Protein chains: 2
Amino acid sequence: MARAGLTAERVTIAAAELADEVGLDQVTMARVARRLGVKDASLYTHVRNLEDLRGRIALLAADEKTLRIAEATAGCAGKDALVAFANAWREYAHRHPGRYAATQTPIQIDPELAAQAPGPRRAIELTYGMLRGYGLAEPDLTDAVRLLRSTFHGFVALEATGSFAHKRSPQHSWVRALDALHTLLEHWPPSREGEPS
Amino acid sequence: MARAGLTAERVTIAAAELADEVGLDQVTMARVARRLGVKDASLYTHVRNLEDLRGRIALLAADEKTLRIAEATAGCAGKDALVAFANAWREYAHRHPGRYAATQTPIQIDPELAAQAPGPRRAIELTYGMLRGYGLAEPDLTDAVRLLRSTFHGFVALEATGSFAHKRSPQHSWVRALDALHTLLEHWPPSREGEPS
DNA sequence: GTTGCAAACCTAGGACCCTTAGGTTTAACC
DNA sequence: GGTTAAACCTAAGGGTCCTAGGTTTGCAAC
């Protein structure tokens with residue numbers, strides 16, 4: 001019988017495809033093995049266990065998402081960059097719900113493996129770069145980055161759980177949210193640190 | 001042997017406690033049963049299956065969170081209301097990570113059961129009420145509500161997954177995010193609907 | 001108090017999954 | 001061709017979910 005020619009990466013990709021198709025919690029060793037035409041025990045040569053596999057999906061997703069954002073924002077600045085960044089983020093989450101869900105799990109990722117992944121570091125650079133035009137300085141810059149990431153992630157997460165009732169299209173609210181965030185970045189409130197609250 | 005006197009509600013509460021202690025994905029029929037001093041098969045008299053139980057945890061959490069927010073915002077207005085609302089949200093997520101995580105699962109909740117839960121409806125009322133002072137009209141009001149919910153949820157979700165590196169305390173960023181959102185609500189950008197984009 | 005009954009709880013068991021241990025086959029290299 | 005490391009397998013133990021069907025319990029009505 002011809003050998004399947006597996007590798008940790010191919011197993012991860014199969015698992016990621018499965019996650020997008022049937023949901024992350026339906027990603028099981030047995031199911032991934034069946035998709036690859038292999039017995040489940042054979043996967044343990046390439047992947048430590050199910051938790052490790054989930055972590056690998058998360059890292060793959062982070063890398064892919066970062067890449068999409070980098071492509072989308074290349075050459076943009078100001079509000080164009082903000083919109084491109086945000087739309088790339090949301091599109092990735094829509095297109096790959098299972099992969100995206102994997103990024104939401106509390107971290108249990110092998111640190112050694114994570115160190116090799118370029119995604120997270122690059123994502124930070126991209127985000128800070130996108131905000132360069134708004135003229136913020138630390139620590140406001142970090143606060144603004146966190147606010148943006150929170151809003152982007154929160155929006156797609158709520159969308160995914162069906163938390164937006166149907167009155168108004170999420171797409172409309174999304175566009176308006178980006179308008180609002182742009183305005184906010186242009187009028188970032190001055191810090192009152194040190195003052196009595 | 002004395003009967004345990006279970007009910008769907010008591011099973012749900014035991015499961016919710018377990019979720020907070022060991023994580024939502026560790027909440028298993030067998031484990032809940034052990035905690036209640038009962039065989040796992042016995043739980044099926046009160047709860048349809050594991051998915052149903054998860055849905056019940058989510059509804060419980062939604063109700064509890066809404067209640068905390070209602071208590072916290074009672075008598076507040078303007079920025080005070082915003083801050084009280086947001087802090088109550090975040091504190092609930094911190095204090096009950098497992099319950100909170102349950103609210104993030106894609107909905108598969110029994111509609112009949114969900115209809116009985118007062119949480120979601122009340123939460124919407126509270127959120128709109130909190131924004132009353134900012135003088136927004138529909139559809140901006142809905143967009144603003146969605147933006148706030150996205151940011152609140154996104155922030156605590158990213159916090160929970162350890163996505164904020166340790167450079168700056170999340171608490172600082174949170175306070176600044178609330179400042180920023182308050183400013184934003186006071187200067188909500190005018191709609192340009194109908195204009196060419 | 002006795003009887004009846006509905007619900008609570010149990011045992012038994014099948015199907016699936018995760019993971020380890022150890023054997024066999026493949027492919028590549030000397 | 002022979003050696004070797006890795007890929008892949010079978011076998012098996014233990015855990016989980018859930019159903020089917022039997023007991024027991026506690027209440028309520030006679």
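Letters A, B, ... mirror the listed sequences (proteins, then strands); counts begin at 1. Note that the structure is predicted; figures quoted are calculated from it, not measured.
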At 4.0 Å (heavy atoms only), tell me whether [X] reaches a base, stays on the sugar-phosphate, or touches nothing.
X: A:Arg34; answer: sugar-phosphate
X: B:Ala41; answer: base
X: B:Arg10; answer: nothing

Measure from [atom1] on [X] to [atom2] on [N] and round the result to the nearest Å.
X: B:Lys39; N: D:dC18; atom1: NZ; atom2: P; answer: 18 Å
X: A:Met29; N: D:dG14; atom1: CE; atom2: P; answer: 20 Å
X: B:Asp40; N: D:dT19; atom1: CG; atom2: P; answer: 12 Å
X: B:Tyr44; N: C:dC9; atom1: OH; atom2: C1'; answer: 15 Å
X: B:Leu6; N: D:dT25; atom1: CG; atom2: P; answer: 16 Å

Indicate, with yes or no, if the rings of A:His96 and A:Tyr92 have centres closer together than 6.0 Å.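 Yes.
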Determine, using ring centers only, whether B:Trp188 and B:Tyr134 are less than 6.0 Å apart.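 No, they do not, as the ring centres are separated by 6.0 Å or more.
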Could you check which of C:dC10, C:dA8, D:dC8 has an atom nearest any side-chain atom of B:Thr45?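 The answer is C:dA8.
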Going through the distances and angles, do B:His153 and B:Tyr100 end up as a ring pair (Phe, Tyr, Trp, His ring centres under 6.0 Å)? CA-CA 10 Å; B:His153 171 61; B:Tyr100 190 82; 5.7 Å; yes
So, does B:Ser42 get its side chain near the phosphate of C:dA8, meaning an N or O under 4.0 Å from OP1 or OP2?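 Result: no.
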Which residues within residues 13-28 of chain B lie with some heavy atom under 4.0 Å of an atom in DNA chain C?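 The answer is none.
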What parts of residues 46-56 of chain A reach DNA chain C, counting only heavy atoms under 4.0 Å away?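 Under 4.0 Å from DNA chain C: A:Asn49, A:Leu50.
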Parallel under 30°, tilted from 30 to 60°, perpendicular over 60°: which one fits the rings of B:Phe152 and B:Trp174?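 B:Phe152 and B:Trp174: tilted rings.
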Taking it one step at a time, do B:Arg68 and B:Glu91 satisfy salt bridge (charged side-chain N to carboxylate O under 4.0 Å, His left out)? CA-CA 9 Å; B:Arg68 303 295 158 80; B:Glu91 263 164 38; over 6 Å; no
Partners of B:His46 by ring pair (Phe, Tyr, Trp, His ring centres under 6.0 Å), sequence neighbours excluded?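 With neighbours one apart ignored, the set is empty.
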Have a look at A:Asp52 and tell me which of A:Arg48, A:Arg54, A:Arg56 forms a side-chain hydrogen bond (donor to acceptor under 3.5 Å, both in side chains) with it.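 Only one option passes, and that is A:Arg56.
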Answer yes or no: does atom CD of A:Glu125 have more than 12 heavy-atom neighbours from other residues, nucleotides or ligands under 6.0 Å?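 Buried by this count: over 12 neighbours within 6.0 Å.
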Compute both the distance and the angle, then confirm whether A:Arg146 meets the cation-pi test with B:Phe164: under 6.0 Å from the six-membered ring centre, within 45 degrees of the axis.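 So A:Arg146 does make the cation-pi contact.
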